[in-house]
Number of protein chains: 2
Amino acid sequence: MASYIALGVTARRGPTTSYDLKRYVAESIGYFWQIPHAQLYAEPQRLEDLGLLRSRSEDGGRRRRFFEITDAGREALAAWLADPSTDAPELRDTGLLKLHFGALATPGDVRALGERQREVREERLQRFLEFEAEYDGRPGQEHQLVTLRLGQAYERMFAAFWQQVADSAEDLADGRVASIEMRFLTDGEDGG
Amino acid sequence: MASYIALGVTARRGPTTSYDLKRYVAESIGYFWQIPHAQLYAEPQRLEDLGLLRSRSEDGGRRRRFFEITDAGREALAAWLADPSTDAPELRDTGLLKLHFGALATPGDVRALGERQREVREERLQRFLEFEAEYDGRPGQEHQLVTLRLGQAYERMFAAFWQQVADSAEDLADGRVASIEMRFLTDGEDGG
DNA sequence: TCTGCACCGTACAAGTTGGACGGTTACCCC
DNA sequence: GGGGTAACCGTCCAACTTGTACGGTGCAGA
């Protein structure tokens with residue numbers, strides 16, 4: 001997957017170093033697809049060997065190595081984008097893990113967990129709102145913006161969920177699950 | 001993290017084999033925390049060395065190895081559950097990655113992506129609704145149920161989001177992002 | 001001039017992964 | 001009761017991934 005990130009970013013930005021990729025990932029893609037930076041040095045090399053990228057290095061100074069996409073690279077990228085199927089989406093959330101085992105914890109633990117997680121989610125939401133404020137509105141960024149909006153809705157939903165958990169920690173411990181109204185449930189048409 | 005899963009599951013189920021852990025993870029925890037099965041064989045061993053689990057093996061037949069939690073294990077688990085802080089939650093969603101690069105794709109690609117992803121999310125939602133139907137209502141499972149309800153809301157939100165994406169693929173390509181109403185936004189009090 | 005920090009890349013030990021394998025028991029159909 | 005197959009149970013290990021440590025460059029400010 002790191003390969004398509006390298007292809008996609010070079011396709012949009014032109015000449016790009018691995019370091020650029022690393023920063024780009026850190027402030028955008030990283031929110032829904034993490035990559036260790038070592039991969040962002042190894043992958044472009046591999047892609048160059050496959051003829052999907054080409055590179056040129058600076059002679060002096062920092063000897064930076066810029067990668068550009070080739071026509072073959074554009075084709076590979078387009079083919080990938082044209083395929084709507086994907087690997088199963090994954091989640092890794094230690095908070096949910098702790099909640100899952102909530103019956104082994106005290107209600108106080110669960111309340112504290114809910115409150116802390118709500119804070120975390122609200123901080124993330126705040127960051128995402130700032131990202132939107134920084135959005136420069138240049139054409140061609142609409143898809144990123146939509147993704148960002150999803151992120152905002154996402155964090156809002158989790159924040160509301162965790163608030164509910166904190167509020168109902170005692171009820172849960174007493175077996176009253178029905179009292180959780182699940183206000184955070186989405187707005188859309190009900191049923192699947 | 002695999003260690004706390006091993007501790008938590010043995011604490012709740014009593015004697016448990018690694019194979020049991022594997023199945024338990026596959027049908028519940030795995031939805032928000034994946035573990036390769038090899039870890040579920042290696043970790044309990046490590047925990048036994050630390051004195052947090054103890055094991056006994058069958059003499060004959062399948063020579064299954066059952067793990068049980070020790071008092072020290074319970075303490076370690078309780079300490080973990082009492083700590084509301086967690087690592088940053090992570091997401092891995094190839095669909096969002098493709099959407100992020102939507103400007104490099106055709107509107108038709110984006111529409112197909114949206115439709116396919118909506119299907120995927122709706123299948124998952126369906127599965128989660130079935131899980132709830134199978135829920136046996138024994139006391140002590142309230143926290144699992146709440147987690148499951150979050151999962152349902154989660155899938156519903158994504159399904160609605162992807163539907164919107166499919167519906168507005170053309171608009172996005174023409175730079176009209178405002179037309180996306182984001183109906184999927186959550187219901188709660190507005191603002192952070 | 002010096003100091004610190006952001007920039008840029010590489011190397012590699014340690015850990016993780018998943019797939020292949022090998023055996024056991026239960027069940028079903030003949 | 002014989003044969004086949006599928007689920008059960010565990011181990012092994014080669015290939016890959018990961019993070020961290022390191023080493024250097026250029027720029028800006030004290």
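All chains are named by letter (A, B, ...) in the order of the sequence lines, taking the proteins before the strands, and each is independently numbered beginning at 1.
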> Can you check the Glu58(B) CD to dC8(D) C1' distance for me, whole Å?
Replying inline: 11 Å

> Under 3.5 Å, is there an N or O donor on one side and an acceptor on the other linking the side chain of His37(B) and the base of dG10(D)?
Replying inline: no

> Can you check the Arg92(A) CZ to dT16(C) P distance for me, whole Å?
Replying inline: 11 Å

> Side-chain contact, heavy-atom cut-off 4.5 Å: Thr86(B) with Gln117(A)?
Replying inline: yes

> Between Tyr41(B) and dT11(D), does any side-chain N or O lie under 4.0 Å from OP1 or OP2?
Replying inline: no

> Are any side-chain N or O atoms of Glu155(B) and backbone N or O atoms of Arg124(B), one a donor and one an acceptor, separated by less than 3.5 Å?
Replying inline: no

> Does a side-chain N or O from Thr17(B) land closer than 4.0 Å to OP1 or OP2 of dG10(D), or not?
Replying inline: yes

>> Given dG19(D), dG9(C), dG10(D), identify the nucleotide with an atom nearest to the side chain of Pro36(A).
In response: dG19(D)

> Roughly, in whole Å, what's the span from CZ in Arg46(A) to C1' in dC16(D)?
Replying inline: 12 Å

>> I want to confirm an ordering. Mapping Gln39(A) and Arg64(B) to their closest nucleotides on DNA chain D, which one lands closer to the 5' end?
In response: Arg64(B)

> Is any side-chain nitrogen or oxygen of Arg23(A) closer than 4.0 Å to OP1 or OP2 of dC7(C)?
Replying inline: yes

>> I'd like to know if the side chain of Lys98(B) reaches the main chain of Ala105(B), judged simply by a donor and an acceptor atom lying under 3.5 Å from each other, with no hydrogens or angles considered.
In response: no

>> Output the rounded distance in Å from CZ (Phe66(B)) to P (dC8(D)).
In response: 13 Å

> Could you state the CH2-P distance from Trp33(A) to dT17(D), rounded to the nearest angstrom?
Replying inline: 12 Å

> Which comes earlier along DNA chain D counting from the 5' end, the contact point of Arg63(A) or that of Ile35(A), where each point is its nearest nucleotide?
Replying inline: Ile35(A)

> In whole angstroms, how far is the C1' atom of dG9(C) from the CG atom of Leu40(A)?
Replying inline: 12 Å

> Hey, does the side chain of Tyr19(A) come within less than 4.0 Å of dG9(C)'s phosphate (OP1/OP2), counting only N and O?
Replying inline: no

>> Rounded to whole Å, please give me the gap between CD in Glu90(B) and P in dG19(D).
In response: 8 Å

> Quick one: Glu43(A) CD to dT18(D) C1', roughly how many Å, whole number?
Replying inline: 14 Å

>> I'd like to know whether Arg116(B) forms a salt bridge (charged side-chain N to carboxylate O under 4.0 Å, His left out) with Glu119(B), so could you lay out the CA-CA distance, the side-chain angles of the two residues, the decisive distance to 0.1 Å, and finally the verdict.
In response: CA-CA 5 Å; Arg116(B) 179 77 193 107; Glu119(B) 275 173 36; 2.8 Å; yes

> Between Arg118(B) and Trp162(B), is NZ or CZ placed under 6.0 angstrom from the six-membered ring centre and within 45° of the ring axis?
Replying inline: no

